[in-house]
2 protein chains.
Amino acid sequence: MKCSSSDIPTALRSAAIEFSHPRGSYIFRTGTPSSGVFFVTCGEVRLMRRGRQGEEIVLHHARTGEFFAEASIDSARYHCDAIAVQPTTVLKVSAHKLVRLLAEDPQFAAQWVSLLSGQLRATRMRVERLSIKSAAERVRHLLVTNGTGPRCEVQVRGSLKDLASELGLSHEALYRTLSTMQRDGQIERHGRELRLIR
Amino acid sequence: MKCSSSDIPTALRSAAIEFSHPRGSYIFRTGTPSSGVFFVTCGEVRLMRRGRQGEEIVLHHARTGEFFAEASIDSARYHCDAIAVQPTTVLKVSAHKLVRLLAEDPQFAAQWVSLLSGQLRATRMRVERLSIKSAAERVRHLLVTNGTGPRCEVQVRGSLKDLASELGLSHEALYRTLSTMQRDGQIERHGRELRLIR
DNA sequence: CGTCGCATTGATATCGCTCAAATCCGGTGG
DNA sequence: CCACCGGATTTGAGCGATATCAATGCGACG
């Protein structure tokens, strides 16, 4: 089980406390006084709200390496539920510590702004990716925008099933798309590494 | 033509310069040294990149009241093109002024973090919305997450065609979906106002 | 070994996209 | 004042891509 806690500013790391949550447990609930920002070091968290008829409205999926509830410093209470979809460990940073760091440590403030800006940019790219209709074009978009080097290499995090859900596809559709693209000479696949050809 | 410049911290407003761009003109180009962050006070801007075969990859649409290139303080050059899709006026804040403000004005830093957090949250919701397969469920998700009041009212910005593209649907599909939902008593429509029933 | 989850491929159904045509509406110019 | 025009809206018909259901192989892990 791969775990990571990269991309977390060191100033925050020292202020953080680690928690473990079994699959299906609540990390926080709607209406609870907001206690801070969370980093997923391992696992997966779903942020959701319940509609009037009790239907689920998913607001966000936070996966390993991502953070969530970063807006909790702006509101006194959480306005959604956070549920561990997998066995999950999170780092929690209290809101007031974050606020104090932002106010007192300009260097940290810059880091935090950087982090938010980067996430925003990445998320916007995801939006554009998801508004592409063709499955093959989505994969291509992922490689072009997230790939490194001249060949647009991408190391798939987790399983192809995870990648499929990130791309908004059924896993079957992704499998099929990848094999056709490979057969047509559009991409190369070696293990969980994807490369663009041409 | 409605124009607004709300949501812009006053500290920024004074550091900003206004520019007007006719439809189709470039606000900046890929590779250009990054000169700052932009707010759309009127119009619409498309951020795009060219793929390896010259195909267009749209990264983001910034509309009236939104900002873009907020990550330009982290990179020396723009890595996409910004094109005015409509006649557009923007406020431009230079990166170094923004950085200085962040370092020297803790109150402004907090505002900026707030702004980024809010945009990030909204964009994440859009991601979840776009990964829903059913058109009706996308509309419902929009109403529940963006609606105000007990009835989840939403004032459509611009045309229904614009809404369709925001929802990742063809405009025909959106028209049909809205009428079926209305016929089935799921929503109400009055002009460009949408409401959820029940 | 047995089980569980991922990966893969097949068959079928369905929903939304595309093309097409008609209407409506606001604005513009004569 | 009215005719005209362009864009938005609406509805129809047919098709195609992806979801869904299903079955199988495979590897890890207890």
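Only heavy atoms go into these numbers, but all of them, side chains included; no hydrogens, no water, no symmetry mates. Source: prediction; values computed, not measured. In what follows, every chain begins at residue 1, and chains take the letters A, B, ... in the order their sequences are listed.
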Quick tally for nucleotides 24-30 of chain D: nucleotides whose base has a protein heavy atom under 4.0 Å get B, sugar-phosphate-only ones S, the rest -, giving -------
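- A/Glu137 places its CD atom 16 Å from the P atom of C/dC17, with the value rounded to the nearest Å.
- DNA chain C lies under 4.0 Å from at least one heavy atom of each of the following residues of residues 168-189 of chain B: B/Gly168, B/Leu169, B/Ser170, B/Glu172, B/Ala173, B/Arg176.
- Rounded to an integer number of Å, the gap from CD1 of B/Ile132 to C1' of C/dC15 is 15 Å.
- Between B/Lys161 and the phosphate of D/dA8, there is a side-chain N or O to OP1/OP2 separation shorter than 4.0 Å.
- Salt-bridge check for A/Glu128 with B/Arg49: failed, with every basic side-chain N at 4.0 Å or more from each acidic carboxylate O.
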Going 5' to 3' along nucleotides 22-28 of chain C, which nucleotides have protein heavy atoms under 4.0 Å from the base (write B), which only from the sugar-phosphate (write S), and which from neither (write -)? -------
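- Using the six-membered ring where Trp is involved, A/Phe28 and A/Phe68 have ring planes that are tilted, between 30° and 60° apart.
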Side chain to side chain contact (heavy atoms under 4.5 Å, CB included) between A/Tyr175 and A/Lys161, intermediate numbers included: CA-CA 9 Å; A/Tyr175 293 142; A/Lys161 269 181 106 167; 3.8 Å; yes
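- Remark: side-chain polar atoms of B/Arg124 are not paired, donor with acceptor, to backbone N or O of A/His60 under 3.5 angstrom.
- Nucleotide C/dC15 holds its C1' atom 16 Å from the CG atom of B/Leu167, rounded to whole Å.
- There is a path of hydrophobic side-chain contacts, each under 4.5 Å, that joins B/Leu120 to B/Leu98.
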Please step through side chain to side chain donor-acceptor pair (under 3.5 Å) for the pair A/Ser159 and A/Asp162, ending with a clear verdict. CA-CA 5 Å; A/Ser159 64; A/Asp162 296 335; 3.3 Å; yes
